[in-house]
Structures are given as structure tokens and as C-alpha cells.
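Heads up: the structure comes next, in C-alpha cells.
Below, chain A is the first sequence line, B the second, and so on; all start at residue 1.
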Protein chains: 2
Amino acid sequence: MDARNDADEDAAGLDPRLDRDTSNCSIARTLEIVGEKWTILILREVWYGSSRFSEFEHVLGCPRNLLAERLKMLVQEGILATETYKEPGARSRPRYVITQKGMDLVPAVMGLMQWGDKYRADPEGPAVEARHRGCGGHVDIQIRCDRDHHVQLEDIESIPGPAFRLRPAV
Amino acid sequence: MDARNDADEDAAGLDPRLDRDTSNCSIARTLEIVGEKWTILILREVWYGSSRFSEFEHVLGCPRNLLAERLKMLVQEGILATETYKEPGARSRPRYVITQKGMDLVPAVMGLMQWGDKYRADPEGPAVEARHRGCGGHVDIQIRCDRDHHVQLEDIESIPGPAFRLRPAV
DNA sequence: ACTCTGAGTTTACTTTTCTATACTCAGCTG
DNA sequence: CAGCTGAGTATAGAAAAGTAAACTCAGAGT
């Protein structure tokens, strides 16, 4: 309906010829936090049940200084929280637990896992499976819309949102 | 039911005290491909409608050598494919298009986007929105099980799969 | 024949990560 | 009160990744 509809039929609202400002992209902003090496793998281990520094270190085999750095950042960002716990006959120590903000990353990581299961698994299958606790069914992620239609990947359209901006002219 | 059920009630099948072999983890294997800087942002631009080297370069502002390297890798991995196209009055040039294998990464990236929309968006909202083509409804990702239950994040249980292994003893 | 342009390649430099080892610190145990 | 242990911190050297800018190359246009 505006003067832009002249050539590109595919990308309805995000014409590549537009000088889009990508600095407020939600994908890029999420990657700023979870895009460094080890970060997502640390979260994976938290979901699988680890909570202590030594557990992460042992299972991941990652350098201690990076582990300490990543854990500190995840706590700062509110994705993990520290608790103090005490085993009988030992002094109290910190433990890392996931927050709601951290749980909300599960869908993204399940997406990565599902892709790996499909394209890069061993012949026998995946090393770990996700199950619905209780019903026991295999869990996977789906794309749905407001009106609860099951959306095919081809039927997703990206359009400018409220914070869409063009890059300021130089 | 086995001798392992002695202390940790939370992680039913992936006790952090087990010496799990993580080398065949689907999450880690996916990150080997899309975990490097720029890779996911290149895919984002492909979904948004870019296909040419110069378009990626301009919108991402990433160094040419890395862009070339990442594109080559994405093509090698079968996530993108090259086509030749020719605009009238110009010589034919390569163009990058997404494959099915690439489309299958959409759920993972939508997961990242959704998290960014929720926790890191500008006050006005997100810069880009995903819509169901046709119905026009807002699209988001959901976790479901086999039996089509809508699964809460807390009700996902991770259990050893067919390729689960312990680390070989040293 | 010469120029222009998109699509890269090459090279040199900087920054970040990785690995490895040594060191600290608090408090329970002997 | 010395020693042990988990959870770090500190430091140094090597490797990988990222950045910036110059250079190449093929073919259409003039």
C-alpha cells in the first residue's frame, strides 16, 4: 500500500535495500548474552541437574577462569542465581540455580537440540531426550500463532515491529 | 528402581555425579556450526530477505573475510545453497538461498528472538515481528509433547537417550 | 581497450579464548 | 592449629577469532 511495493515480492516488510538499523535486534541482543562459548553449555548442565562449580568444571572440561567469568555474568543477568547450601560435615558453599529468566531460554536451546538431533546425531540416536514429566511423551517445539494455528516454517513472515528504525543517515 | 536413586531427586536420569560423555551432545554439535559469531545473524538476514554478498555486508557491517568464510561454511553444511542469477545489464552473480536444513533452524532462532523480545526489547517493543502469513496472527514457539499436551517448562525432564554414554575410564 | 562493480582473497594487526599452572581463602576435621 | 577441600583468583604463553584495509578478478558497458 505504500511506494515500496515495486519489486521484491518475497520480503514484504523488510526489503534488503532498506538501510535497516539492526542495533535493537532481539536475536543479536540475546546472542550478546548467550552467544559466547561455554555459556549455553553451562545452562545445559544446569538443566540436566548440575549446580556446583566443580560439577560444571568436571563435565564441561572448560577452563576455570572462563567458567567463573560465565557464571558471574549469568548471575548478573539474572539467568542464574546463587544459593548457599551446606552438606553435613562440610562448610556452606554457593550453588547455582536457574531463574525464570533462565528457564525462558529453554525453548531456544531445545530448538538447537532438535536440529542437532535431526541432522547431527549418532546413528543410534540422540544422547539425551526430553520428555513430558508425567505423561512421558517425547517433547518438541512447535510454532503456533495467536489463533492457535500450527504454523509451517514457510508461512512465517517477518514484518517491522514498533521499534523498527532505519539507520540514521551519515 | 536401580541403585542410583539414593540422593538426588531432581535430575532423574542425568545425575551430575555420573561421568557423562558429552561429545555427542546435539546442542554442542549444533553450536559447532551456528555458534560462531555472525553465523546466526547471516541466517537472520536470509530469512528477512537478503541473498547477496553485498547485502549481508552492508546490513551486518561484518568484515568481508568472515562473511565469505561463514557463507562458504553454511553452503558446505547444506544450510544455504548458491544459485546463479542475472540482473538485466549486469553479469551473472551468485546468490545465497536457504535450504530445508536451514529452515529447520528457524525454531531455534525464534526462541532466541522471543527471549530477546521479552527481556531485552526497547520500551516500544521489538524491532521485527513474526506473523502467520495469511491469518496475520502473531507467531511464537510452544513446547508440546507427542500427545499434544502443551508442556510447561518445569515439566520437561531430560533423560538418557539411545546414544547416551559414560566417559571411558582413564 | 578501459572502466566499473560485485564478490571475493590476502595480509597485517588487535582482541578474545584457551590451556596450564600456581596461588588464595574459609571453615571443618583430626 | 595444621591440613584438607571446594570454590574460586591470578598470571603467562599459545592459538583462534575478529577487524581493517588493500588487492584481485571476471565480465558487462562504453
Quick one: label [X] by what it contacts on the DNA or RNA (base, sugar-phosphate, nothing), any heavy atom closer than 4.0 Å.
{"X": "A/Glu57", "answer": "nothing"}
{"X": "B/Lys86", "answer": "nothing"}
{"X": "B/Phe56", "answer": "nothing"}
{"X": "B/Leu67", "answer": "nothing"}

Can [X] and [Y] be counted as an ion pair, charged N to O under 4.0 angstrom?
{"X": "A/Arg52", "Y": "A/Glu87", "value": "yes"}
{"X": "A/Glu32", "Y": "B/Arg120", "value": "yes"}
{"X": "B/Arg20", "Y": "A/Glu45", "value": "yes"}
{"X": "A/Asp140", "Y": "A/Lys118", "value": "no"}
{"X": "A/Asp21", "Y": "A/Arg167", "value": "no"}
{"X": "A/Arg133", "Y": "B/Glu154", "value": "no"}
{"X": "B/Arg131", "Y": "A/Asp155", "value": "no"}

Between [X] and [N], does any side-chain N or O lie under 4.0 Å from OP1 or OP2?
{"X": "A/Lys72", "N": "D/dT9", "result": "yes"}
{"X": "A/Tyr85", "N": "D/dG6", "result": "no"}
{"X": "A/Tyr96", "N": "D/dG8", "result": "yes"}

Quiz item: B/Arg91 has a side chain; which of D/dA17, D/dG8, D/dG27 sits nearest to it?
Solution: D/dG27
Quiz item: Counting side-chain heavy atoms from CB outward, which of D/dG18, D/dG8, D/dA12 is closest to A/Asn65?
Solution: D/dA12
For atom [atom1] of [X] and atom [atom2] of [N], their distance in whole Å:
{"X": "A/Glu69", "N": "D/dG8", "atom1": "CD", "atom2": "C1'", "answer": "13 Å"}
{"X": "B/Arg93", "N": "D/dC25", "atom1": "CZ", "atom2": "P", "answer": "16 Å"}
{"X": "B/Ile42", "N": "D/dG18", "atom1": "CD1", "atom2": "P", "answer": "11 Å"}
{"X": "A/His58", "N": "D/dG6", "atom1": "NE2", "atom2": "C1'", "answer": "15 Å"}

Self-check item: Range on DNA chain C touched by chain A - first to last nucleotide, heavy-atom distance under 4.0 Å
Solution: C/dT17 to C/dT29
